[in-house]
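Here the structure is laid out as C-alpha cells; the discussion comes afterwards.
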2 protein chains.
Amino acid sequence: MPTTIELESLLRETGLRVTRPRMAVLGAVCEHPHADTGSIIDVTREDFGAVSHQAVYDVLRALTDAGLVRQIQPAGSVARYESRVGDNHHHIVCRACGAIADVDCAVGEAPCLTPSGNHGYVVDEAEVIYRGICPDCSTDYPSEKNDPLRKETSA
Amino acid sequence: MPTTIELESLLRETGLRVTRPRMAVLGAVCEHPHADTGSIIDVTREDFGAVSHQAVYDVLRALTDAGLVRQIQPAGSVARYESRVGDNHHHIVCRACGAIADVDCAVGEAPCLTPSGNHGYVVDEAEVIYRGICPDCSTDYPSEKNDPLRKETSA
DNA sequence: AGCTAACCTTGATCGATTCAAGAAAGCGGA
DNA sequence: TCCGCTTTCTTGAATCGATCAAGGTTAGCT
C-alpha cells in the first residue's frame, strides 16, 4: 500500500491535480486489486468519507487514461481496476466464485501472441483470460489437466 | 445459413423444443456472427415478425446452455453471440470500429495455453482476445508489427 | 490574493438485462 | 386426434452499471 507521498507523486508525475477523491480512489485501487466500481466507491467512502459516485467514475477514467491504473473486464463482469500496470500481465478467473488472480506474461509486453490468421488487422494486443476453478472452490481437482506437456507455451 | 430443417434438427438433437422464436433466433445468430442482443432482436423481428425481448434473452440463454451457440463479451462490449462452437477459436477486435473477426485456435480445444503461474487453479479455458486496427480503419499500418519472429506462437 | 479551468456534487437518464405474473403452445401419451 | 402439462412466450416493471448535465468548489498558476 503506497504512502500518501507516493500517491501524490504518482498523480503529479502524470500531470494530474492532487485532490482528495483522487488520492482516495488511487489508494483504494492499490489496496484492492481487481475491485469493481461499486466496491471502490464503498472502500473510498469508508476510508476517506463522502465521495460522489460521479467523482469515482471520473477519477477512475482519469487514472486509466494517465496509465496509473488499468481497467479490465472479463466476460460476464463489470469494469474492474488494478494498479499493476505496464507489464501486460494476464488474469485467471474462477468460474465458481469469480475470484481473479494475476498471471505473469511470459513476454512482458503487448502483443504477446500472434493470431494464426489476422484478417489484415494490425494487432497491438493479445489479452488472455484463463478460466478455471480456484483452490478454495475446488475440493478435488484432476491433476491431469495441469499436465504441461499437453498444452502450448504460456501467453 | 442453415435450412429450416437443419435448424429444427439442431434444436431436437439437443433436447430443445422447436418453437418459432427459437428457430428465428438461431437463424439470426447463424446469419449474423458476433451480433449483440439488440441486433438479434431487430433481425429476428424483421425476418419473423413479433418476438418479445424476453423470449430472445431466454432463447439465447437456452441455446448457449445447450451448446448450439457461444456467448462472447470482449471487454467494453455487451454480450454477443455466434453459432461457431466447439473449436475454441479466438477473436480479434478492431479498436476503432469494433468489428470482430474469428481467429482459429492453433490447438483447437480448451485450454490452449498454460498460465505461467496458476495459483492452484484448475484451468479449463484460455480465452484470447486480440486487439488492433482492422483493414478498413487503417490507412497505412506499419508492417513491422506483423513480424512473426518477434512474438511467440499463436494461441 | 485572485483567477480560471479542472474537478466534485447532486440528481436525472439511459441501455442492457433480469424479474415476475399470467397467457400461449409444443410435445408426449392415451 | 385430442388432452393435459410443462415449457415457453408476452408484457410490463424493476434493477444495475454507467453516463449525462448543470452548477458549486477548489487546486494550482500567476
Side-chain angles (χ1 to χ4, degrees), chain A residues 4-5 7-29 34-45 48-66 68-69 71-81 98, chain B residues 4-5 7-28 34-45 47-66 68-69 71-81 98:
Chain A
T4 298
I5 302 298
L7 294 176
E8 286 191 19
S9 296
L10 283 171
L11 289 169
R12 291 188 204 290
E13 282 159 14
T14 46
L16 296 174
R17 292 189 183 190
V18 177
T19 68
R20 201 177 62 81
R22 285 181 173 183
M23 295 287 288
V25 169
L26 185 51
V29 173
H34 315 127
D36 65 5
T37 318
S39 302
I40 293 172
I41 289 174
D42 292 342
V43 167
T44 299
R45 285 171 174 168
F48 299 85
V51 178
S52 69
H53 67 277
Q54 187 57 52
V56 175
Y57 277 95
D58 284 344
V59 171
L60 286 172
R61 165 68 61 90
L63 296 176
T64 304
D65 289 348
L68 290 180
V69 152
Q71 181 192 74
I72 66 172
Q73 189 186 6
S77 175
V78 296
R80 296 175 177 279
Y81 298 87
Chain B
T4 297
I5 302 299
L7 294 177
E8 287 192 21
S9 297
L10 283 172
L11 289 169
R12 291 190 202 289
E13 283 157 15
T14 47
L16 295 174
R17 294 189 182 188
V18 178
T19 68
R20 201 176 63 82
R22 284 182 175 179
M23 296 287 287
V25 169
L26 186 51
H34 314 130
D36 67 2
T37 320
S39 302
I40 293 172
I41 290 173
D42 291 342
V43 167
T44 300
R45 286 173 173 166
D47 293 349
F48 297 83
V51 177
S52 67
H53 69 280
Q54 187 56 54
V56 174
Y57 278 95
D58 285 343
V59 170
L60 288 171
R61 168 66 63 92
L63 296 176
T64 303
D65 288 349
L68 291 180
V69 152
Q71 181 193 74
I72 66 172
Q73 190 187 2
S77 175
V78 295
R80 296 175 176 279
Y81 298 87

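Labels below follow one simple rule: chain letters A, B, ... track the order of the sequence lines, proteins then strands, and each chain is numbered from 1. Just the heavy atoms: all of them, side chains too, but no hydrogens, waters or symmetry mates, feed the values below.
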According to a strict under-4.0 Å criterion, is [X] in side-chain N/O contact with OP1 or OP2 of [N]?
{"X": "B:Thr37", "N": "C:dT17", "answer": "yes"}
{"X": "B:Arg20", "N": "C:dG26", "answer": "no"}
{"X": "A:Tyr57", "N": "D:dT19", "answer": "no"}
{"X": "A:Arg61", "N": "D:dA18", "answer": "no"}
{"X": "B:Thr19", "N": "D:dC9", "answer": "yes"}

Nearest whole angstrom, please: distance from the [atom2] of [N] to the [atom1] of [X].
{"X": "B:Gln71", "N": "C:dT18", "atom1": "CD", "atom2": "C1'", "value": "14 Å"}
{"X": "A:Arg22", "N": "C:dA6", "atom1": "CZ", "atom2": "C1'", "value": "8 Å"}
{"X": "B:Asp58", "N": "D:dT10", "atom1": "CG", "atom2": "P", "value": "10 Å"}
{"X": "B:Leu16", "N": "C:dA25", "atom1": "CG", "atom2": "C1'", "value": "16 Å"}
{"X": "A:Gln54", "N": "D:dT19", "atom1": "CD", "atom2": "P", "value": "8 Å"}
{"X": "B:Arg45", "N": "D:dT11", "atom1": "CZ", "atom2": "C1'", "value": "11 Å"}
{"X": "B:Asp65", "N": "D:dT8", "atom1": "CG", "atom2": "C1'", "value": "15 Å"}
{"X": "A:Ile40", "N": "D:dC16", "atom1": "CD1", "atom2": "P", "value": "18 Å"}

Just checking B:Ala50: base, sugar-phosphate only, or nothing, at a heavy-atom cut-off of under 4.0 Å?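 Contact class for B:Ala50: sugar-phosphate only.
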By the 4.0 Å heavy-atom rule, please label A:Ala79 as base, sugar-phosphate, or nothing.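 Touches sugar-phosphate only.
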Could you tell me whether the side chains of B:Ser39 and B:Asp42 share a donor-acceptor contact shorter than 3.5 Å?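 Not at all, the side chains of B:Ser39 and B:Asp42 share no donor-acceptor pair under 3.5 Å.
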Between the side-chain atoms of A:His53 and the base atoms of C:dG11, is any donor-acceptor pair under 3.5 Å?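 Present.
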Exam field: side chain [X] to backbone [Y], donor-acceptor pair closer than 3.5 Å:
{"X": "B:Arg45", "Y": "B:Val51", "value": "yes"}
{"X": "B:Ser77", "Y": "B:Gln73", "value": "no"}
{"X": "B:Arg80", "Y": "B:Gln71", "value": "no"}

Give the nucleotide from the list D:dT10, D:dT8, C:dC7 with an atom nearest to the side chain of A:Arg17.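 For the A:Arg17 side chain, the nearest candidate turns out to be C:dC7.
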Could you say whether B:Val18 or A:Ser52 is positioned toward the 5' end of DNA chain C, judged by the nucleotide with the nearest heavy atom to each?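 Its nearest nucleotide lies further toward 5', so the answer is A:Ser52.
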Given the rule in the side chain to side chain contact (heavy atoms under 4.5 Å, CB included) test, do A:Leu68 and A:Leu11 qualify, once you have shown the distances and angles that lead to the verdict? CA-CA 8 Å; A:Leu68 290 180; A:Leu11 289 169; 4.2 Å; yes
